[in-house]
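Throughout, a chain's letter reflects where its sequence line sits, starting with A, and its residues are numbered from 1. Because the structure is predicted, anything quoted here is derived from the model rather than measured.
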Protein chains: 2
Amino acid sequence: MSEILQKRDGLIIKKNEAFAAKAEALKPVLLQREQRPQHIVQVVSDERVIHGWRVERETSAESLPARVLGKGEQIIVDFGDHLVGSLSMSIKPVGSPPDAPLYLKLTFGEMPVEMAVPFSEYDGWLSRSWLQEEYAHVDVLPGVIKLDRRYSFRYLKLEVLDTSPKYKVSVEDICCTTVTSGDRDRVGGLDHTDPELQAIDSISIKTLEDCMQEVFEDGPKRDRRLWLGDLRLQAIANYDTFQNNDLVKRCLYLFAAFPNDQGQVTANLFIKPEVIPDDTFILDYSLLFVSTLHDYYLATGDKETLEELWPTAFRQIEIGFEQLDERLIVKDSETWYSFIDWHPELNKQAPSQGVLIYAMKQALYLSGLLQDDRQEELHRKIHEVQAAAMKHLWSEEEGYFISGKDEQVSWAAQVWMVLAGVLDKEKSSVLLLRVLDEKPGTPLMTPYMMHHLIEALIQVGERDRAILEMKQYWGGMVRDGADTFWELYDPQNKEFSPYGSYLINSYCHAWSCTPTYFIRRYKL
Amino acid sequence: MSEILQKRDGLIIKKNEAFAAKAEALKPVLLQREQRPQHIVQVVSDERVIHGWRVERETSAESLPARVLGKGEQIIVDFGDHLVGSLSMSIKPVGSPPDAPLYLKLTFGEMPVEMAVPFSEYDGWLSRSWLQEEYAHVDVLPGVIKLDRRYSFRYLKLEVLDTSPKYKVSVEDICCTTVTSGDRDRVGGLDHTDPELQAIDSISIKTLEDCMQEVFEDGPKRDRRLWLGDLRLQAIANYDTFQNNDLVKRCLYLFAAFPNDQGQVTANLFIKPEVIPDDTFILDYSLLFVSTLHDYYLATGDKETLEELWPTAFRQIEIGFEQLDERLIVKDSETWYSFIDWHPELNKQAPSQGVLIYAMKQALYLSGLLQDDRQEELHRKIHEVQAAAMKHLWSEEEGYFISGKDEQVSWAAQVWMVLAGVLDKEKSSVLLLRVLDEKPGTPLMTPYMMHHLIEALIQVGERDRAILEMKQYWGGMVRDGADTFWELYDPQNKEFSPYGSYLINSYCHAWSCTPTYFIRRYKL
């Protein structure tokens with residue numbers, strides 16, 4: 001069933017044709033909706049708000065056709081909510097017949113700052129090609145501009161770079177045709193008594209909706225890719241909302257269809273022009289394939305898929321074992337062997353040990369269902385790896401799990417060890433509350449790690465604390481103006497970006513969509 | 001037959017539906033050809049050449065696919081000749097799968113300088129939208145870029161604004177699909193003994209070919225419009241080359257279809273999205289409608305068209321009369337009532353008087369053919385207007401025609417008075433040779449006025465001098481690297497532009513294409 005798909009710099013990728021065909025057959029039809037701008041706005045400098053820029057309403061978008069724009073003039077429109085889709089508009093000349101083309105610049109922004117700071121000032125590490133700007137010449141006026149690329153935005157800035165002295169232009173019928181594979185009609189209503197949780201739930205769902213495309217994308221602005229870490233969280237948010245379970249199934253088959261020659265699943269896949277696995281293989285993400293399959297089975301009872309993908313899942317556990325040293329501790333290194341979180345100083349050893357144990361326990365559950373004869377060995381191995389974690393990574397002195405040669409205390413290590421069930425429920429609870437109280441060592445940096453903290457709190461019975469933390473973190477984004485939840489949010493440093501510039505951050509990001517899962521699944 | 005088409009700022013435009021329908025029926029089919037780049041080149045600073053930049057061949061374009069371009073890198077290709085058409089190319093990623101879109105900038109240039117000087121430095125008076133540059137994002141790689149706009153160029157610069165650290169790109173199959181309504185197969189060969197004239201003839205024909213589109217355009221880079229002054233010269237170059245006489249007929253009907261409420265034809269027409277006459281009405285161009293009809297009839301013998309368009313032509317003469325003062329001299333003013341030439345100091349009075357007499361004489365010939373009963377009156381009027389010119393505009397003291405209240409001596413005035421036949425052949429010859437010898441007053445600035453000088457020299461029998469002047473002027477462009485003849489060329493000031501920057505000059509311009517007419521019609 002498997003053949004070698006490609007060799008690239010020593011990397012051998014295999015392709016399971018049957019799995020790839022199943023994934024292809026599950027390709028969703030995208031739902032479309034036409035959305036029009038609500039307001040003409042201005043961006044105003046304001047030190048009190050995130051990034052220092054806020055939007056101020058000027059007038060209704062109905063007055064758009066009456067606005068006449070000449071060379072050097074601009075207008076910003078606000079669609080009133082985050083959108084993912086293509087754009088079209090009509091442009092009419094005003095004055096003499098146009099004796100030169102119109103030269104227009106369009107800038108799309110998820111956040112007010114993208115309407116204010118010129119992208120030419122961007123000097124981050126990721127490609128500036130992600131910044132959503134277009135230059136367009138219109139040779140024939142009146143005319144219709146159709147931009148067929150897909151944009152992720154709420155705000156649109158139109159700048160007239162040039163017309164000619166003989167004419168100006170007016171713009172009308174600006175329309176975004178949105179796309180998603182999430183059907184709103186399948187999402188049940190939530191009539192929460194707490195308006196803050198109600199709002200957080202809505203924004204979570206909007207975030208998920210905008211990331212549901214031909215696959216579960218990580219972010220519609222950037223990277224627009226199927227990442228395993230994001231997929232797992234989108235899937236659990238999806239089960240209680242859009243219920244597009246076939247999309248989860250499709251994504252599982254996609255990962256299983258393109259392993260490397262060791263059988264490891266990639267961290268992410270490119271979907272176009274054809275499915276290509278990225279050459280990034282990381283321990284935690286591979287292990288979370290097991291978790292995603294586990295959750296999928298629990299949500300759907302689809303045993304056929306479970307049986308078919310189980311060998312791929314189990315192989316990830318085995319690959320995890322290969323990463324263990326003679327003490328049964330994850331071999332540490334300076335490389336990106338594991339992701340865990342974006343904190344630049346974070347040591348990955350202890351949290352990765354936690355992810356391994358977490359995944360092993362889910363694998364154990366599945367192996368029992370499938371009556372896999374490796375069940376007993378797995379059971380034994382869990383105890384050994386867990387015991388090793390307690391022996392070598394638990395510091396009795398500190399009362400924390402420590403990681404790496406510098407014995408780093410990180411929140412991520414504590415959270416993952418709790419999720420892995422290395423300590424009993426009571427000790428786990430004490431540990432987590434101490435973390436929140438003492439704020440030791442290396443903190444969490446992303447909604448992705450925050451998700452795991454909330455999940456851990458709920459797991460140890462700290463529901464109220466979970467709600468409190470969620471309201472502080474995701475509620476903080478809401479108070480800072482989020483229409484969809486952001487890839488990155490550090491309440492202490494709201495300008496944080498791991499990419500050298502917050503202009504390139506994604507402000508609608510899959511791994512931030514899970515509050516709806518907590519609220520609905522656990523009836524918070 | 002005529003109805004009011006539109007009112008615009010007090011301007012009333014009429015539409016003759018029957019004429020417009022005839023023009024529409026004559027719309028040509030555009031011929032297409034695929035052209036590929038010949039060389040990879042570099043632009044090199046060189047003070048000795050025009051604009052200070054020349055192109056240096058690096059290698060054959062066959063090596064293009066092997067070139068790998070990363071962020072910040074660029075390549076310039078040379079198609080080997082001037083082209084007008086759309087562009088497509090294939091782009092392949094090199095390295096890891098592309099994890100970000102490609103952001104590309106494309107710059108098209110007729111001249112080496114356009115490959116060297118950033119268009120952002122342009123600060124001329126015309127719209128910078130004419131400068132041929134595009135920004136393109138390519139989301140899916142490998143991919144094909146198709147640019148559907150029409151470009152006018154020989155050189156193409158590709159700049160990779162960004163990829164990502166994980167991949168670079170290579171470019172192949174760059175292809176320009178050229179368009180023209182001039183069929184090369186209809187152009188007879190010229191086997192001239194003088195290689196310089198042979199070269200000038202070829203370049204003239206290429207210039208005309210690239211300006212022949214759905215109408216005779218003035219310049220395919222800029223303004224891409226049907227101007228009466230250009231049409232007249234293109235038509236006479238066409239009769240002995242492409243012989244697309246229906247295209248001339250179409251353009252004559254277009255002008256005749258959209259007069260203002262006085263019956264004056266506009267100086268130019270916009271063709272898309274629908275035919276719209278420009279709100280520019282100038283004396284000399286309107287009068288040259290008569291001349292264009294006259295030449296068309298002589299070339300084709302198409303009396304039906306002559307009869308149908310004669311009333312429009314005669315009306316332009318009457319409108320010319322309305323411009324005369326009580327002395328029968330063209331009323332002068334500071335406005336752009338007449339074009340004549342681009343020299344900023346040029347007084348238009350005497351040259352316009354020349355154009356009027358020139359057109360009246362052609363109208364007289366046509367009125368005879370048509371047995372128009374106004375023939376006799378026209379004959380009398382010619383004598384009066386000509387006598388007035390001699391009385392009020394001829395300076396016996398200077399031995400030159402003078403113009404305006406400051407009694408300006410311009411070359412244009414002498415040339416148009418000679419073309420109008422105000423002096424006899426001998427005196428005309430003496431006058432022209434004195435002009436060339438003494439170089440008095442306000443010189444000529446454009447190939448358009450140079451055409452009229454050459455025509456005048458031939459008319460007075462100075463064939464050798466005509467050839468000499470043509471070789472100096474158009475030959476100068478050839479020596480300066482012209483693939484097609486330029487809109488503007490001042491051998492004394494090669495940076496001349498009436499628009500504030502030579503970047504926006506058109507380097508393939510209709511009114512410069514007439515040497516082939518001189519060489520072939522007069523067997524020079």
Side-chain angles (χ1 to χ4, degrees), chain A residues 6 8-9 11 13 71 93 95-105 119 122 125-143 147-150 160-167 222-225 266 268-280 504, chain B residues 6 8-9 11 13 71 93 95-105 119 122 125-143 147-150 160-167 222-225 266 268-280 504:
Chain A
Q6 54 175 314
R8 211 163 60 212
D9 299 334
L11 168 70
I13 294 294
K71 176 178 179 173
S96 290
D99 57 342
L102 167 66
Y103 195 15
L104 206 59
K105 184 176 178 186
F119 292 168
Y122 171 73
W125 309 311
L126 294 184
S127 177
R128 68 169 283 204
S129 63
W130 288 120
L131 299 172
Q132 302 175 104
E133 61 179 7
E134 305 292 350
Y135 293 81
H137 288 95
V138 188
D139 292 320
V140 178
L141 289 169
L147 300 169
D148 291 330
R149 298 182 72 214
R150 206 194 66 192
V160 175
L161 300 181
D162 218 331
T163 53
S164 92
K166 295 192 84 172
Y167 80 100
R222 202 216 81 237
D223 305 331
R224 309 183 196 166
R225 227 185 297 164
T266 178
N268 69 84
L269 292 155
F270 300 92
I271 304 303
K272 286 184 178 170
E274 56 188 351
V275 180
I276 302 173
D278 190 19
D279 49 9
T280 301
I504 206 111
Chain B
Q6 53 174 311
R8 211 162 61 212
D9 298 335
L11 167 70
I13 295 295
K71 176 178 177 171
S96 291
D99 58 341
L102 166 66
Y103 195 13
L104 205 60
K105 184 177 177 184
F119 292 168
Y122 171 72
W125 308 311
L126 294 184
S127 178
R128 69 169 283 202
S129 63
W130 288 119
L131 298 172
Q132 302 175 105
E133 63 179 6
E134 304 292 349
Y135 292 81
H137 288 94
V138 189
D139 292 320
V140 178
L141 291 168
L147 299 170
D148 291 330
R149 297 181 73 214
R150 205 193 67 192
V160 175
L161 298 182
D162 217 332
T163 53
S164 93
K166 295 193 86 171
Y167 80 101
R222 203 217 79 237
D223 304 330
R224 309 183 196 164
R225 226 186 297 164
T266 177
N268 69 83
L269 291 155
F270 300 93
I271 304 303
K272 286 182 179 174
E274 57 188 350
V275 180
I276 303 174
D278 189 19
D279 49 11
T280 302
I504 205 110

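The two atoms that bring B:F270 and A:P97 nearest to each other are CE1-CB, 3.2 Å, heavy atoms only. Among all heavy-atom pairs drawn from A:E133 and B:H137, the shortest one is O-CE1, 2.9 Å. Considering every non-hydrogen atom in both B:D279 and A:S96, the closest pair reads OD2-OG, 2.7 Å.
Of the N and O atoms on the side chains of A:D162 and B:S129, not one donor lies less than 3.5 Å from an acceptor on the other residue.
Taking B:S164, B:P98, B:P101 one by one and counting their heavy-atom pairs under 4.5 Å with chain A, the maximum is reached by B:P101.
Looking at B:R128, the atoms closer than 4.5 Å to chain A (heavy atoms on both sides) sit in the backbone and in the side chain alike. At a 4.5 Å heavy-atom cutoff, the contact between B:P142 and chain A is made by backbone and side-chain atoms alike. Interface residue B:L131: only backbone heavy atoms are found under 4.5 Å from chain A. Using a 4.5 Å cut-off between heavy atoms, B:K71 makes no contact with chain A at all. For B:R222, no part lies near chain A; criterion is any non-hydrogen pair under 4.5 Å. Proximity to chain A (any heavy atom under 4.5 Å) is shown, for B:I271, by neither the backbone nor the side chain.
Rounding to the nearest 0.5 Å gives a distance of 11.5 Å between CG of A:D99 and CD1 of B:I276.
For A:P165, the side-chain contact (heavy atoms from CB on, under 4.5 Å) criterion is met by no residue, not counting sequence neighbours.
Note on A:K272 versus B:D139: no salt bridge recorded, every NZ/NE/NH1/NH2 to OD/OE distance being 4.0 Å or above.
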